[in-house]
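Input: a single structure, listed below in structure tokens.
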Amino acid sequence: MSEGGKASVVPFRTGGAAPQDELPAGDAAARLRLAEAVRMAEAIVFASAEPVSDKQLAARLPEGVDVPAAMAELRQIYARRGVNLVRVGEAWAFRTAGDLAFLMSRDAVQQRKLSRAALEVLAIIAYHQPVTRAEIEDIRGVETSRGTLDTLLETEWVRMRGRRKTPGRPVTYGTTEKFLDHFNLEEIRDLPGIEELKGAGLLSARMPSNFSVPLPPADPDELTEDEDPLTDIDLEELGLLTPRVTEE
């Protein structure tokens, strides 16, 4: 090349997207708005100690932002990083990439191991929810102590959902988002099926031919037709709400 020649510079492009100045004005502006929304969503989720729901994001992001599109973009950005953006029920959270979890093992808080009875009850609640204590005992074939349910409630993996519309109005139980988060499940229907349980050695290969694993509800937060919601009076009776003092 001669001294007076000029070298041409070819701009580097990521993927097949056109440079910002080649996009139509409307598309470029929309892309900038989405990029800013992604940055804001990243800050909100990163700073939160608990998973952040779509509803919470929509309330804090600028009006008109396409929350699903912003979160899909953010999820893609973190797909190959040391932390991933994961779906936890109806919420979002940053979690250590699965293949790097071993790096955190030294710093992990050692939790008390659940008893066999507690694990059985937890599995029954997860697969059969909404389920009452009597129904749990019927499935297990043995009586369930109050302490077992209390332990699961204390872990915040199990919650009281409502009351069954039957005599005595027994309390119904279900799982929580913390249960999904702890077991790395995006939704309750991601629980292992019968073939997966057999493959993991958790079920005998000689199970009865008519044995089946129940399919959990698509939306575990939605009350069924035979459930009533818990009222303040119910919460007071269950010791979950301090009774109100009325002035005479």
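Judged by distance alone, with hydrogens and angles left aside, the side-chain atoms of R161 form a donor-acceptor pair with the main-chain N or O of E222 at under 3.5 Å. Between the side chain of E135 and the backbone N or O of T132, at least one donor-acceptor pair lies under 3.5 Å. One N or O on the side chain of T176 and one on the backbone of F179 form a donor-acceptor pair closer than 3.5 Å. With hydrogens and angles ignored, the 3.5 Å screen pairs no side-chain donor or acceptor of R33 with any backbone N or O of V65. No donor-acceptor distance shorter than 3.5 angstrom exists from the side chain of E137 to the backbone of V142, with no hydrogens or angles considered.
Counting heavy atoms of neighbouring residues, nucleotides and ligands inside a 6.0 Å radius, atom CZ of R189 exceeds 12 of them. The number of heavy atoms from other shown groups lying within 6.0 Å of CD (Q56) is above 12.
Rounding to the nearest 0.5 Å places CG of L119 at 5.0 Å from CG of L114. Separation of atoms NE2 (H128) and CG (D138) is listed at 10.0 Å; rounding is to 0.5 Å. Atom CD1 of residue I188 and atom CG of residue D219 lie 11.0 Å apart, to the nearest 0.5 angstrom. E90 contributes atom CD, which lies 7.0 Å from atom CD of E177 (distance to the nearest 0.5 angstrom). The distance from atom OH of Y78 to atom CZ of F94, rounded to the nearest 0.5 Å, is 4.5 Å. Rounding to the nearest 0.5 Å gives a distance of 10.0 Å between OG1 of T96 and CG of D99.
Side-chain contact between R60 and M40 is absent, with no heavy atoms from C-beta onward closer than 4.5 Å. No side-chain heavy atom of L34 sits under 4.5 Å from any side-chain heavy atom of D66. Proximity of V38 to M71: side-chain heavy atoms (C-beta onward) are nowhere separated by under 4.5 Å. Within the 4.5 Å cutoff, side-chain heavy atoms of Y127 are placed close to those of L191. You'll find the side chain of R75 reaches within 4.5 Å of the side chain of R87, heavy atoms only. Taking 4.5 Å as the limit, every side-chain heavy atom of E186 sits out of range of all side-chain heavy atoms of V86.
The shortest non-hydrogen separation linking P229 to D234 is O-OD2, 3.8 Å. Heavy-atom minimum distance, D54 versus W92: OD1-NE1, 2.8 Å. Of all non-hydrogen atoms in L185 and D190, the two that sit nearest each other are CD2-O, 3.7 Å. Nearest heavy-atom pair, G174 versus Q129, reported as atom, atom and distance to 0.1 Å: CA-OE1, 3.4 Å. Considering every non-hydrogen atom in both L153 and V158, the closest pair reads CD2-O, 3.3 Å. Between V45 and A93, the shortest heavy-atom contact is CG1-CA, 3.8 Å.
One hydrophobic cluster holds both I77 and L57 under the rule that ILVMFWY side chains link at heavy-atom gaps under 4.5 Å. L180 and V83 fall into different hydrophobic clusters, where Ile, Leu, Val, Met, Phe, Trp and Tyr are joined by side-chain heavy atoms under 4.5 Å apart, directly or via other members. Linking ILVMFWY residues whenever their side-chain heavy atoms come closer than 4.5 Å, directly or via other members, leaves L215 and V131 in distinct clusters. M160 and L235 end up in the same hydrophobic cluster when Ile, Leu, Val, Met, Phe, Trp and Tyr side chains are linked at under 4.5 Å. V88 and L85 fall into different hydrophobic clusters, where Ile, Leu, Val, Met, Phe, Trp and Tyr residues are linked whenever their side-chain heavy atoms come under 4.5 Å apart, directly or through other members.
Note: W157 and F183 have perpendicular aromatic rings, judged against thresholds of 30 and 60 degrees for the angle between ring planes.
Between the side chains of T148 and S145, at least one donor-acceptor pair of N or O atoms lies under 3.5 Å. Counting only N and O atoms by type, the side chains of E154 and T151 include no donor and acceptor under 3.5 Å apart.
Just one residue in the list R169, R164, R163, K165 forms a salt bridge (Lys or Arg N to Asp or Glu O under 4.0 Å) with D226, and that residue is R164. Applying the side chain to side chain contact (heavy atoms under 4.5 Å, CB included) test between R159 and each of T175, D221, T172, L152 identifies D221 as the sole match.
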Quick one, R133 with R146, criterion side-chain contact (heavy atoms from CB on, under 4.5 Å). Give me CA distance, side-chain angles, the key distance, then yes/no. CA-CA 9 Å; R133 179 176 174 180; R146 180 66 193 177; 4.2 Å; yes

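Under the 4.0 Å criterion applied to side-chain N and carboxylate O atoms, E143 and R140 are not assigned as salt-bridge partners.
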